[in-house]
Student: 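Before I ask anything, here is the structure I am working with.
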Amino acid sequence: MKILVTGGLGFIGSHTTVELQNKGYEVIIIDDLSNSTEKVLDGIVAITGKRPIFEKLDLKEKSKVEDFFKRHQDVAGVIHFAASKAVGESVEKPLLYYENNIGTLVYLLKELSQKNKSSFIFSSSCTVYGQADKMPITESAPVKAAESPYGNTKQMGEEIIHDTCKVTPGINAIALRYFNPMGAHPSTEIGELPIGVPQNLVPFITQTGIGLREQLSVFGGDYPTSDGTCIRDYIHVVDLAKAHVVALERLLNGKNSENYEVFNVGTGKGSTVLEAIKSFERVSGKKLNYKIVDRRPGDITSAYADTTKANKVLGWKAESTLDEAMKSAWLWEQKVRK
Ligand code: WQD
């Protein structure tokens with residue numbers, strides 16, 4: 001069965017491609033290489049021995065998207081990762097985010113609407129909750145006004161898919177609301193490749209650990225938490241990738257109860273920034289150079305998932321601990337810097 005993975009050379013897309021291939025699916029990747037390289041294909045092959053079909057294609061070009069689906073009528077399912085994802089950049093360049101994250105989604109859905117049956121997995125984010133009132137966060141927590149155009153594109157994306165599913169019974173969709181993905185494949189053949197100065201915590205920790213960065217700035221030490229630093233739900237990217245395969249198979253096998261469903265994908269455990277640093281120090285045996293500085297505008301205090309629905313309805317549960325995920329991130333950093 002052929003599965004299209006858009007953004008399949010990216011961090012989560014490449015790990016999901018590996019898990020799809022491990023389950024015997026034929027994978028075709030579309031990627032515009034704006035935030036990845038074809039070298040990632042070699043990493044995937046090194047792990048699975050199977051080279052996905054790859055087409056360099058910009059989903060903003062409507063005619064190219066139409067042509068792709070004419071040439072690949074046997075695509076049984078789509079996992080849609082391709083999107084811009086830097087919170088800060090989205091504030092400076094909102095139109096780039098609306099065009100790239102929304103325009104492309106509309107073109108994909110128009111193609112899927114032509115088929116009599118299709119399965120669609122959407123990469124969403126816990127960012128849709130903003131600062132939720134209650135921890136852990138369930139899927140019924142209210143969606144709050146987005147703090148950034150990036151977060152808004154995730155909220156709008158979910159609404160566009162839901163509205164489309166209401167009038168297109170042939171489309172079966174699941175939105176997966178990720179918490180904080182981290183780590184790398186245990187083979188160290190693929191992992192996170194942030195371009196320039198990492199915005200996210202874990203790559204900044206490992207780059208500081210390896211000496212690429214002088215010092216980690218901890219954004220805020222005066223939050224109302226156990227140690228004053230923010231709480232997040234850090235999930236191993238391989239666990240997250242497996243959740244995509246389970247969700248896709250729920251749709252392919254017609255197990256979904258409605259043709260639009262939403263699931264939180266996290267570990268269910270919250271960790272503070274200082275706890276993440278201590279995890280790194282445990283798994284690396286190195287002392288991390290960090291300094292607590294002012295809060296980063298837009299950050300929320302706490303977000304971690306209630307995973308009951310994913311565990312019970314989807315039948316998926318994260319397996320890796322924070323230390324195991326952090327160890328995989330550290331091994332990957334050492335491999336990349338070799
Ligand atoms: C985590 C914690 C920071 C860097 C965002 C998006 C989310 C998803 C993941 C794309 C926070 C602190 C960070 C640093 C720090 N994006 N931190 N020093 O902001 O929770 O989530 O990225 O898929 O949708 O919202 O992740 O890793 O940036 O921050 O102290 O150098 O680490 O303040 O508390 P975030 P993050």
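Reckoned from all heavy atoms, side chains included, excluding hydrogens, waters and symmetry mates. Read the numbers this way: they start at 1 and go in the same order the structure lists the ligands and their atoms.
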Student: Considering heavy atoms of the protein only, find what lies nearest to atom 24 (O) of ligand 1 and give residue, atom and distance to 0.1 Å.
Tutor: S125 OG, 3.0 Å

Student: Within ligand 1, which atoms have a heavy atom of Q199 less than 4.0 Å away?
Tutor: 4 (C), 28 (O)

Student: Answer yes or no: does atom NZ of K144 have more than 12 heavy-atom neighbours from other residues, nucleotides or ligands under 6.0 Å?
Tutor: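 More than 12 heavy atoms, drawn from other residues, nucleotides or ligands, come within 6.0 Å of this atom.
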
Student: Between F81 and Y178, what is the ring plane arrangement, given parallel below 30°, perpendicular above 60°, and tilted in between?
Tutor: tilted

Student: Where on S217 is there a heavy atom closer than 4.0 Å to ligand 1, on the side chain, on the backbone, on both, or on neither?
Tutor: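 Contact part for S217 vs ligand 1: backbone (N, CA, C, O).
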
Student: List the steps and the verdict of side-chain contact (heavy atoms from CB on, under 4.5 Å) for Y223 and T272.
Tutor: CA-CA 10 Å; Y223 284 95; T272 67; over 6 Å; no

Student: Can you tell me if Y150 has a non-hydrogen atom under 4.0 Å from ligand 1?
Tutor: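 Contact present.
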
Student: Enumerate the atoms of ligand 1 whose separation from the nearest heavy atom of C230 is less than 4.0 angstrom.
Tutor: 34 (O)

Student: For V273, take its heavy atoms, then give the atoms of ligand 1 lying under 4.0 Å from any of them.
Tutor: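 Within the 4.0 Å cut-off of V273, ligand 1 contributes 12 (C), 32 (O), 34 (O).
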
Student: Just wondering, more than 12 heavy atoms not from K60 lying within 6.0 Å of its NZ?
Tutor: yes

Student: Side chains of Y150 and N101 only: does a donor on one sit below 3.5 Å from an acceptor on the other?
Tutor: no

Student: Which residue, W330, F204, Y234, Y290, forms the ring pair (Phe, Tyr, Trp, His ring centres under 6.0 Å) with F280?
Tutor: W330

Student: Taking atom NZ of K2 as the centre, does the number of heavy atoms from other residues, nucleotides or ligands within less than 6.0 Å exceed 12?
Tutor: yes

Student: Just going by heavy-atom distances, which of N180, T301, T225, I205 is nearest to atom 21 (O) of ligand 1?
Tutor: N180

Student: If I apply the N/O under 3.5 Å rule, does F219 come out as touching ligand 1?
Tutor: yes

Student: Does a donor on one side chain sit under 3.5 Å from an acceptor on the other, for N172 and S119?
Tutor: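 The answer is no; no qualifying pair exists.
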
Student: Keeping the roles fixed (side chain from N200, backbone from V202), state whether a donor-acceptor pair exists under 3.5 Å.
Tutor: no

Student: Enumerate the atoms of ligand 1 whose separation from the nearest heavy atom of V218 is less than 4.0 angstrom.
Tutor: 30 (O)

Student: Does Y234 have a non-hydrogen atom less than 4.0 Å from ligand 1?
Tutor: yes

Student: In terms of residue, atom name and distance, what is the protein heavy atom nearest to atom 6 (C) of ligand 1?
Tutor: V87 CG2, 3.8 Å

Student: Give me the nearest non-hydrogen protein atom to atom 36 (P) of ligand 1 as residue plus atom name, then the distance to 0.1 Å.
Tutor: N200 ND2, 3.5 Å

Student: Below the 3.5 angstrom mark, is there an N/O of L201, backbone or side chain, next to an N/O of ligand 1?
Tutor: yes

